[in-house]
Engineer: 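First, the structure itself, so that you have it in front of you.
Chain letters run A, B, ... following the sequence lines, proteins first and then strands; every chain starts at 1.
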Amino acid sequence: MSSDVVLRVTDLTVEFPSAPRPVRAADGVGFEVRASEILGIVGESGSGKSVTLRSLIGLVPGTGAVVAGSAVLDGTDLLALDGKSWAQHRGSSVSMVFQDAMSSLNPVMSIGQQLCEVLRIKGGLGAKDAFETGVGLLERVGISAARQRMANFPHELSGGMRQRVMIALAIAGDPKVLLADEPTTALDVTIQDQILALLADLQDSLGMSMILVSHDLDVIGQACDHVCVMYAGRVLEYGTAEEVLRTPRHPYTAALLASVPRVRTGEAAQRRLATIGGQPPELDQLPPGCPFAPRCPHVAPQCAQAPMTLDRPSPAHGTACIRWGDSADD
Amino acid sequence: MTEPLLVLTDVHKRFDLRAGGLGIFRGSSASLVALDGVSLELHEQEILGVVGESGSGKSTLAKAIVRLNRPESGTVAYRGRDVFALERRDAAETTRRIQLIYQDPYSSLNPRMKVKSAIGEAARVHRYAERSTVDAVVKELLSKVHLAPGVAELYPRELSGGQRQRVAIARALAARPEILIADEAVSALDVSVQAQVLNLLLELQQELKLAVLFISHQLAVVSQVASRIAVMYLGRIVETGPVEEVFHRPSHPYTQALLAAQPGAHRRGEQRVPALRGEIPSPMDIPAGCRFRTRCRFAEERCASIDPPAAQVAPDHLAWCHVLPPPAAPPHVPVEPSRLGDAAG
């Protein structure tokens, strides 16, 4: 293990009970997060990106459970923690920013109360110090008149402001890795721009590592150093954001990139978008072998052969497409 | 140029907050200005994009056109006749000719109606089908939106998001409209499905010679489908013109900021300040003078007092700004990824 890896996730598998057999929402997911880097996980609905993220903070939703794998942070396997140990690690080892701040913040506690609660428990601060530190945190995330804002309740704030408060809460415990699940998806584009700039700035100045989950390839491309592309619970491609998004090595990534609408600034371009045929697969009806095979324009008979693993021709850029290697030689 | 299909002239719509709800605004003079003098034209067979952030008045605009919101002043004229001054029969006919597609097909389709009933009902109400022919009509509409005939027997919950939006489109087509108003019609969809539905809309627009008012907060989506665009901010159109022209030479500082704020317009590690500071002001308290001045880095003294008149940037390209700052460096356009098809094919 190279020394600057902060979090190493190996073979993470999450199942939800179902008849006749359990559904795998995440299947053998693996990646590394290095010190002071932002790793992006990109995928469409049902790709397993959120489940992957949530399992790293012990919040697998509903009846789901982690059935295999490890996620080692500072010698601790996060996936093996029990409820009691989580109370210690959540917020300080890893913390999370959710998509919907309105339903993640406590509606009947003021911003100040919520911040002070974290700071007293995680930082061991007294009431007065906690308040002052809380004001500082709000200022740090770009909230003006922070002292007065401490008395506000979540409903009194705009969506962008609530998201800033949630980020302040998430960094209050000085986490090693910040997990962000679609943190800007519900926001307007100019506010999204502000929040992305804030996250990059915080990550840089605090030296945190971050995992950013998004369905938006442009957001991932702008914010992240490395990126995992997920589909049907698996990582199909992994590498630097630059490489993966410019020279994709998996047909799914390429197809997804081609279907993103772009701002037309020149002459009228082709208005029709490239599309991916068919629908994303149901997780209980996955084909053997490559999950993308039924929709893939380059499908070959050997694609149906299980299992599919992430091949790493170079440490910088791996693909789970078995056909990519064929063409690299010629 | 032929007579426009739809003409909005100086439309104002205000919501009085004292009147309803919990009464928490009782006694105050609170009213929310959703549309503050909007004028636009929609021509036959054109796709006009309307873009703006939350609170810009886009959805109120859509509802005013389909007569779900009556403006306080101004007119909405369909083929030269004010839609709010029509006799009942003509009003019904207008309602049929202008169909609205909503963002969320989960809540715009009745969960207890099968697809065939949802589409069939619309066809029968508008007398394009009767009991004996309704199945055939439904089948034809489904094929128009590229859904298998078997979908007719399903309930909305059994469909994917993209399929559901196709059903919503088929239902709108059942009325044989002339104008489609698509209010964030693809915003809730995954990007690969979004592309499919956008292509479908383009295809139907061509085939059925529809005029489309395409409302979205996603600039890139609008630019992909529309030929003309109107940028809205706090209840007003602040810039309008042909898409290529407006995006090539954005002249209102707000349009410029929207372009600069597009994700993908920057690179990781690039030192930068956000394109726009602050948030959209409350529509209950719209700034005097130019409504954008509170967030505008080019604002001058006159912007605080004088509402800017339309400035002509180019033929058909108008911007409501005193300053008209020159566009910054052309927005960074991400490099098209090389297609894997070349490598793996």
Side-chain angles (χ1 to χ4, degrees), chain A residues 38 44-45 158-161 184 188-194 196-198 200 215-219 221-225 241-242 245-251 253-268 271-276 279-280 297-298 321 323-324 326-328, chain B residues 53-55 160-163 190-196 198-199 202-203 217-225 227 243-244 247-248 257-270 272-277 279-280 295 330-331 333-345:
Chain A
I38 303 186
E44 299 182 277
S45 314
S158 68
M161 204 110 77
T184 62
D188 277 318
V189 62
T190 61
I191 307 299
Q192 163 169 285
D193 183 48
Q194 293 171 5
L196 289 177
L198 172 66
H215 70 285
D216 189 326
L217 287 158
D218 287 331
V219 166
Q222 170 170 331
C224 301
D225 302 291
E242 184 84 12
L245 301 182
R246 275 183 193 245
T247 51
R249 290 180 180 177
H250 198 287
T253 316
L256 199 58
L257 279 164
S259 65
V260 176
R262 301 278 174 212
V263 175
R264 292 187 293 143
T265 51
E267 277 303 293
R271 288 204 284 170
R272 284 185 67 87
L273 288 159
T275 59
I276 305 176
Q279 299 286 332
H298 311 294
C321 180
R323 297 213 58 212
W324 185 80
D326 305 347
S327 56
Chain B
E53 297 181 277
S54 329
S160 69
Q163 288 175 321
D190 273 320
V191 60
S192 70
V193 182
Q194 171 177 286
Q196 292 172 3
L198 281 176
N199 285 347
L202 283 172
E203 182 187 314
H217 69 285
Q218 293 172 283
L219 212 58
V221 171
V222 169
S223 95
Q224 203 66 234
V225 298
S227 50
V243 166
E244 296 85 15
F247 288 157
H248 180 63
L258 277 182
L259 280 163
Q262 291 302 304
H266 304 279
R267 285 270 156 263
R268 164 94 170 114
E270 201 176 290
R272 64 187 189 92
V273 289
L276 207 52
R277 296 232 166 258
E279 304 189 5
I280 193 167
R295 300 171 79 190
V333 180
V335 178
E336 277 282 305
S338 67
R339 296 286 163 80
L340 193 73
D342 309 335

Engineer: Under a 4.5 Å heavy-atom cut-off, does chain A meet the side chain of B:Q218, its backbone, both or neither?
Structural biologist: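 Neither part.
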Engineer: Can you say whether B:R277 sits under 4.5 Å from chain A via the side chain, the backbone, both, or neither, judging by heavy atoms?
Structural biologist: backbone
Engineer: Is it the side chain or the backbone of A:D216 that comes within 4.5 Å of chain B heavy atoms, both, or neither?
Structural biologist: side chain
Engineer: Highest number of heavy-atom pairs under 4.5 Å with chain B: which of A:A223, A:G221, A:G159?
Structural biologist: A:A223
Engineer: Would you confirm whether B:N199, through its side chain, and A:R272, through its main-chain N or O, come within 3.5 Å as a donor-acceptor pair?
Structural biologist: no
Engineer: Given a strict heavy-atom distance threshold of 4.5 Å, which part of B:V225 is in contact with chain A: side chain, backbone, both, or neither?
Structural biologist: backbone
Engineer: What's the shortest heavy-atom distance between A:I191 and B:E53, and which atoms?
Structural biologist: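 A:I191 and B:E53 have their closest heavy atoms at N-OE2, 4.4 Å.
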Engineer: Measure distances from B:S160 to the heavy atoms of chain A and classify the residue's part below 4.5 Å as side chain, backbone, both or neither.
Structural biologist: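 Side chain of B:S160 only, per the 4.5 Å heavy-atom cut-off to chain A.
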Engineer: Is the shortest heavy-atom distance from the side chain of B:Q196 to the side chain of A:S259 under 4.5 Å?
Structural biologist: no
Engineer: If you tally heavy-atom pairs under 4.5 Å against chain B, which of A:G160, A:A200, A:A255, A:S158 wins?
Structural biologist: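 Counting heavy-atom pairs under 4.5 Å, the top option is A:S158.
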Engineer: What is the minimum heavy-atom distance between B:A275 and A:D193, and which atoms define it?
Structural biologist: N-OD2, 2.7 Å
Engineer: In Å, rounded to the nearest 0.5 Å, how long is the span from NE2 of A:H215 to CD of B:Q194?
Structural biologist: 8.0 Å
Engineer: With heavy-atom distances below 4.5 Å as the criterion, would you say the side chains of B:L219 and A:V189 are in contact?
Structural biologist: no
Engineer: Checking heavy atoms, do the side chain of A:L198, its backbone, both or neither come under 4.5 Å from chain B?
Structural biologist: neither
Engineer: Please answer whether the main-chain N or O of A:R262 pairs with a side-chain N or O of B:Q224 as donor and acceptor at a distance below 3.5 Å.
Structural biologist: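 Yes, the answer is positive, given that a donor and an acceptor are paired below the 3.5 Å cut-off.
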Engineer: Which bit of B:L276 is near chain A, if near means a heavy-atom gap under 4.5 Å: side chain, backbone, both or neither?
Structural biologist: both
Engineer: Is chain B contacted by the side chain of A:E44, its backbone, both, or neither, given a heavy-atom distance below 4.5 Å?
Structural biologist: both
Engineer: Between B:P263 and A:Q192, what is the shortest heavy-atom contact and its length?
Structural biologist: CG-NE2, 3.4 Å
Engineer: Sequence neighbours excluded, which residues qualify as side-chain contact (heavy atoms from CB on, under 4.5 Å) partners of A:E242?
Structural biologist: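 Listed in chain order: A:T240, A:R246, B:R267.
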Engineer: Output the option from A:I276, A:T190, A:T184 having the highest count of non-hydrogen pairs under 4.5 Å with chain B.
Structural biologist: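 Counting heavy-atom pairs under 4.5 Å, the top option is A:T190.
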Engineer: List in chain and number order the residues that pass side-chain contact (heavy atoms from CB on, under 4.5 Å) with B:S54, two or more places apart in sequence or in another chain; answer none if no residue qualifies.
Structural biologist: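 By the side-chain contact (heavy atoms from CB on, under 4.5 Å) rule, B:S54 matches A:D188.
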Engineer: Where is the tightest heavy-atom contact between B:A220 and A:P261, given as atom of each residue plus distance?
Structural biologist: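 For B:A220 and A:P261, the tightest heavy-atom pair comes out as CB-O, 3.4 Å.
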